[in-house]
Amino acid sequence: MAGVIGFVGLDQLSLDMAASLLRAGYKVQAFEVQNLLMNEFLKLGGTECFSLREAGKGVAALIVLISHVDQINDIIFGHDSALKGLQKDTVIILHSTILPSHIQNLEKNLREDGLTTSVVDAYVFKATSELLNGKIMVISSGRSDAISKAYPFLSAMSEKLYTFEGETGAGSKTKLVTELLEGIHLIAAVEAISLGVKAGIHPWIIYDIISNAAGNSWVFKNYIPQLLSGNVKYNFLNPFNHKLGIVLDMAKLLTFPLPLLASAHQQLALGSLLGHGDDNTPLGQVWDQVFGVHTVDAANAERYNPEELATQITAKSKTVNRVGFIGLGAMGFGMATYLVKSNFCVVGYDVYKPTLTRFESAGGLIGSSPEDVSKGVDVLVVMVTNEAQAESVLFGDLGAVSALPSGASIILSSTVSPAYVTQLERRLQNEGKDLKLVDAPVSGGVKRASMGELTIMAAGSDDALKSAGLILSALSEKLYVIKGGCGAGSGVKMVNQLLAGVHIAASAEAMAFGARLGLSTRMLFDIISNSGATSWMFENRVPHMLDNDYTPYSALDIFVKDLGIVARECSAHKIPLHISTIAHQLFIAGSAAGWGRQDDAGVVKVYETLTGVKVEGKLPALKKEVVLQSLPPEWPVDPINDIHKLNQKNSRTLVVLDDDPTGTQTVHDVEVLTEWSIKSLVEQFRKKPICFYILTNSRALSSEKATVLIKDICNNLCSAAKSVQHIDYTVVLRGDSTLRGHFPEEPDAAVSLLGQVDAWILCPFFLQGGRYTIDDIHYVADSDRLVPAGDTEFANDAAFGYKSSNLREWVEEKTAGRIPASSVASISIQLLRKGGPDAVCELLCSLEKGSTCIVNAVSERDMAVFAAGMIQAELKGKSFLCRSAASFVSARIGIIPKAPIRPKDLGISKERSGGLIVVGSYVPKTTKQVEELHSQHGHMLKSLEVSVHKVAMKSSEEREEEINRTAEMASVFLAARKDTLIMSSRELITGKTASESLEINFKVSSALVEVVRRITTRPRYILAKGGITSSDLATKALEAKRAKVVGQALAGIPLWELGHESRHPGVPYIVFPGNVGDSKALVEVVRSWAHPLRLSSTKKILINAEKGGYAVGAFNVYNMEGVKAVVSAAEQERSPAILQVHPGAFKQGGVTLVACCISAAEEASVPITVHFDHGTSKQELLESLELGFDSVMVDGSHLPFKDNISYTKHISNLAHLRDMLVEAELGKLSGTEDDLTVEDYEAKLTDINQAEEFIVETGIDALAVCIGNVHGKYPASGPNLKLDLLKDLYALSSKKGVFLVLHGASGLSKELVKGCIERGVRKFNVNTEVRKAYMESLSSPKGDLVHVMASTIEAMKAVVAEKMHLFGSAGKA
């Protein structure tokens, strides 16, 4: 059980909330006096309480329904109040919309009474949007600690939750704003219908058209049918008017003007007065009195279907041979060019000459004047701005009418007044040429105009409509023929513009008021969009206000004109339209302020200027931990096994078209193709893989080239799939998780070849890169914050920049309005976590064909739940085209993650050339990572900078010189075993346009390609930083045609194995995205792939020897020749070895000798370590600890046993702090080594009884034993080793993890050596025989000193190699 929740008071919403809580596992109890509501509650599974106190007993949260402020004292502070039963940490949730001040007073009173109970308010309502229709929405506010406590309960009982941290009352404030809009929309709807009726248009026709047009609102769509049917009564007015009065009172307190609402309030007051108090009077009759119209009668008149009428007329259309077109502005140009594409002969005219040139290039003919284009045409289309321009082109100098042939038809598509159109028809009739007029205003915008998808409202005589029918049909997606003759079409357009204009102005008033109330305008927009206060214009225009972007999609001055038409018509018809008139004045005010040519959403600046508020709503950066913890728990079942089973049933291959190579950052053991010939694709399909990638690198191309490329690949996929039996596939367009790339061009290109899919799926979530989508807003993690994507550097990309972080708005922005934000569906985190895969499948199956759907996600589990649901939908016959980041692909195919790959995993740790790091990405994150690389690892790197200025902006000679210089230096550094960084200079050079910027990027990228192509040294590994860079290097510089994704070098950083055809097969290729990882990520990867300073340590060498049952030689060295002899023999025999420096040699050679040994060990291709031998002096041992030795021998054998322990232990502790192996001697060897002699009588065997204590007390790692072995030469009788003692010592040391060492290996027979190895000796010290070889070589005369050096090296090398074979270490490296 999740806990207990109490309710005080129930209503219908409370019952829905309780049901959700019960489903989530909470126990729910309630107190309610109405039996009907309590019975419903009990049926749900709730528990009845019989007092307020009982309802609050033991609850984690108490939800209190308050409909009036007077209830607070009784419920909260009364004698038997709910407060009496509450425990200390209970949170009170006020389900209420009482004014904020009352809620804040309640909080204050609770604090003054010493109560620490947390309080939040909650405005609860049912959403009305298409996506959330009927679902519970909650708007809550309170202090951050209170919100945090309440969040799990609020989230469990709602489908959509909005929280405002700070003062309580945000829910009440939000309700004030929604009621403001509902009031204005209501009166605007009544004004619109009344004006339409006065203009002679059937009210149901107005409703049918407007409810599918830009003038629609939720109130219009849902209220007008009730009004026209007589179902709304007079008693509706008073409570509604009261609500608006409360809003106006609040505005008065804040000194904030609400002219539109004030007018609506007055209209409602007038309606209340005229209704005479009869509650059953149909409200339609009341409004008829207010506006002096007969709407009720008009609604009962015979209806007709305008679309059917259009179909009937166009079916009888007359042939059109030649079309004249006057007015090639934004809309007109699209319309005229579409007619050309539709094979009409079109002659165009516009006063702006460059437009004529464009039109001619598009295939049209051009005329020099309106008169010129009208000669010989069957139909003349006039698409100018206003009545004055229409008058000029038709009847002015060189006007069209005089040149039109008899019987021609004119289509007037400009937005003009119905009165003008009626008058124009009469004038044309008086010309005596049988000229016909079609009144055909249009709606739909520039994009739809160019696609022949406009909405056209046409009116005129049947003959005129038949003459123009083919043109009207070609230009429209929806064609309505309105009865009533010329003027009726413009009448409908006028009514639409009335509503559209008022709705824009109302949106401005509402959002400005919300800003004054202190609400987050972004959140307010989202709330209203899901409520009954929304309108088409609200959802379309408010994003412009929030972005403070007034780029003119539709200029403000257009509504000065269009609402001016409304004002003239209402004056002519003597109908009082107060709301529309005030809206008109607001647009005039905006124009007067100089904003007329800006977007019409700029009317909000009238309010901003008057009041000082700012509607611009910058999305806040969020605390990552707080946000993630506040979300519902993940879906409890890991869907990975289900995904595997579903994929077996589905048998679809996932084909991922990757716009740069970084998209493989979440998968492993998957193939990547870098070319897509039909032959290669057929070969790939025949393997029946669950997934493969095609590297398109389209992000580096222009939009046009990317479109051609995607079409080419999809065409080849279709052809290849047909050649392979039983193959089906789903295409994923893998794009950037920060929303850069060719959208919608690539999806458009794909569906043009693959066919229409049920939905486009947008899923930019990418965990490893810190990309999260929450409530449709896409975030980029920056340390502990989540930053809206639109506020990051990625949104400023020169080629792919954007403004919107909300993915719905991003879709609308990137499609230039073709896909409105309001039409984009969404899969919420709540649905994923509460409903699971089945709920995902159900939602996907319910989408209309051709939809666009966003996927919210913050975890891999979320992604897997979605993937499982999507596969279920595919099995039901649904098809999808996915635009996603990398995480979706791994979830969709059920990838189980594996640990990052390291060099040792690939067996390249012994490769000795340098690694090549190439950086081309310019995003600030990359620049920071490079700076960190230089700071922390620069001393280990060689850096080469390629001048962007030289390779992109200078002459070809300078470019070539820069490329050659870089390639030559890199070859030298790599051969010298140095990791080498090649990077483009960090100054970002951009072009004047996006295409110019892409061209510069191409020049830089191609220069890096040439550099890598000309490098003559095979690198140990290659790391490419940046998507375009990594693609170009793989395909062009390394000539790879396919690769296998081995895994990741670090989370989100793919590691490829290039195909055998590449220039460097087998060289690991690390694809490091430009936008992944924190500032230390690059240095972390480079460090992990850098040359190890030593291929091993002494301890590792001896561990391997123990495992392999062999020993390793430790050879005393005195000079460079000795060092070279040992290393050369080790590399030749592939054997590990230890370079050993005796104190006597150190006394002569000093630090220089040690440095020589260390350098040789680091450069060797086999494990070589350096050991300090026989440290008898504390001073020399302490010095040795600082010189870089891998191991040290502490020789206290000359000391008494206890002193030896103390001495050895001290040094051992210090050495272990430096990860050095410590060897010590117990016993004492006789013989001479480096002028140090121990007489026979001083020698002593290792005492087995002392050995255990010595090992335990000192903590040593290796024990040099005395079993009869000697330094130097053995006596003539030969060695006399105590092998039984050695066996016992091994039995003891092996239990303690201590290795045995035998000094004095020179002169031991093969049999003795093998016997010692069998009994546990893992390190043999060798000196005498090597010294002897050196000295004997010197005795032979040589020609030159270099010959002496070479001779001594070869002599010593032969001895060392022989010993390696004897010890069994040869071939073990």
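Closest approach of Phe1146 to Val1151, counting heavy atoms only: CE1-N, 3.9 Å. Of all heavy-atom pairs between Trp1056 and Ala1043, the closest is CE3-CB, 3.7 Å. The shortest heavy-atom contact between Cys1316 and Leu1281 is SG-CD1, 3.8 Å.
Annotation: the span from Leu1308 atom CG to Leu1366 atom CG amounts to 8.5 Å, rounded to 0.5 Å. Atom CZ of Arg1087 sits about 4.5 Å away from atom CD of Gln936, to the nearest 0.5 Å. If you take OG1 on Thr1098 and NZ on Lys1323, they are separated by 8.0 Å, rounding to the nearest 0.5 Å. Residue Arg977 holds its CZ atom at 5.0 Å from CD of Glu1163, rounded to the nearest 0.5 Å. Taking CD from Gln1250 and CD from Glu1257, the interatomic distance works out to 12.5 Å, rounded to the nearest 0.5 Å. Atom CD of Glu1057 and atom CG of Asp669 lie 10.0 Å apart (nearest 0.5 Å).
Formation of a donor-acceptor pair under 3.5 Å by the Thr1352 side chain with backbone atoms of Val1348 is found in this model. A distance-only check finds no donor-acceptor pair linking the side chain of Thr1017 to the backbone of Ile1015 [under 3.5 Å]. In terms of modelled atom types and a separation under 3.5 Å, the side chain of Gln665 and the main chain of Gly1052 share a donor-acceptor contact. In this structure a side-chain-to-backbone donor-acceptor pair under 3.5 Å is missing from Ser1369 to Ser1135. Between the side chain of Glu1061 and the backbone N or O of Arg1042, at least one donor-acceptor pair lies under 3.5 Å. When atom types are taken as modelled, the side chain of Arg1331 and the backbone of Asn1327 share no donor-acceptor pair closer than 3.5 angstrom. For Thr1246 (side chain) and Cys1266 (main-chain N/O), a donor-acceptor pair under 3.5 Å exists by modelled atom type. Between the side chain of Ser1337 and the backbone N or O of Tyr1334 there is no donor-acceptor pair closer than 3.5 Å. Panel note: side chain Ser1128, backbone Ala1125; no donor-acceptor pair is recorded below 3.5 Å. Of the possible donor and acceptor atoms, one in the side chain of Ser913 sits under 3.5 Å from a partner among the backbone N and O of Arg1020.
For the 3.5 Å distance criterion, the side chains of Ser1212 and Thr1258 fail to qualify, holding no donor opposite an acceptor. No hydrogens or angles considered: a donor-acceptor pair under 3.5 Å links the side chains of Arg1134 and Ser1165. Between the side chains of Asp1195 and His1174, at least one donor N or O sits under 3.5 Å from an acceptor N or O.
Between Glu1186 and Arg1218 a salt bridge is recorded (basic side-chain N to carboxylate O distance below 4.0 Å). Salt bridge absent: Lys1357 and Glu1131 never bring a charged side-chain N and a carboxylate O closer than 4.0 Å. Under 4.0 Å is where a charged nitrogen must lie from a carboxylate oxygen, and between Glu1252 and Lys1296 at least one such pair does. A salt bridge does not link Asp1190 to Lys1099: none of the charged side-chain nitrogens sits closer than 4.0 Å to a carboxylate oxygen.
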**Full working for side-chain contact (heavy atoms from CB on, under 4.5 Å) between Leu1312 and Leu1283** = CA-CA 9 Å; Leu1312 275 176; Leu1283 295 181; 4.3 Å; yes

**Request:** Apply side-chain contact (heavy atoms from CB on, under 4.5 Å) to the pair Ile1248 and Leu1289, showing each step before the final yes or no.
**Result:** CA-CA 6 Å; Ile1248 186 70; Leu1289 287 168; 3.5 Å; yes

**Message:** The test is side-chain contact (heavy atoms from CB on, under 4.5 Å); show your working for Glu1133 and Glu1362 and say whether it passes.
**Reply:** CA-CA 10 Å; Glu1133 304 300 331; Glu1362 181 188 349; over 6 Å; no

**Message:** Apply side-chain contact (heavy atoms from CB on, under 4.5 Å) to residues Phe1367 and Val1112 and explain how you reach the verdict.
**Reply:** CA-CA 6 Å; Phe1367 299 154; Val1112 177; over 6 Å; no

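Ile1070 pairs with exactly one of Ile901, Ile1053, Val1086, Ile917 by the side chain to side chain contact (heavy atoms under 4.5 Å, CB included) rule, that one being Ile1053. Checking Leu1214, Thr1208, Asn1213 one by one against His1210, the side chain to side chain contact (heavy atoms under 4.5 Å, CB included) holds for a single residue, Leu1214.
Within the 4.5 Å cutoff, the side chain of Val1117 has heavy atoms near those of the Cys1157 side chain. At least one side-chain heavy atom of Phe1189 sits less than 4.5 Å from a side-chain heavy atom of Val1141.
Judged by the 6.0 Å distance and 45° axis criteria, Lys1372 is positioned over the aromatic ring of Tyr1110.
Summarising the local packing, NZ of Lys898 is surrounded by more than 12 heavy atoms from other residues, nucleotides or ligands at distances under 6.0 Å. The environment of Lys1310 atom NZ is sparse: at most 12 non-hydrogen atoms of other residues, nucleotides or ligands sit within 6.0 angstrom. Residue Asp1344 places its CG atom among more than 12 non-hydrogen atoms of other residues, nucleotides or ligands, all under 6.0 Å distant.
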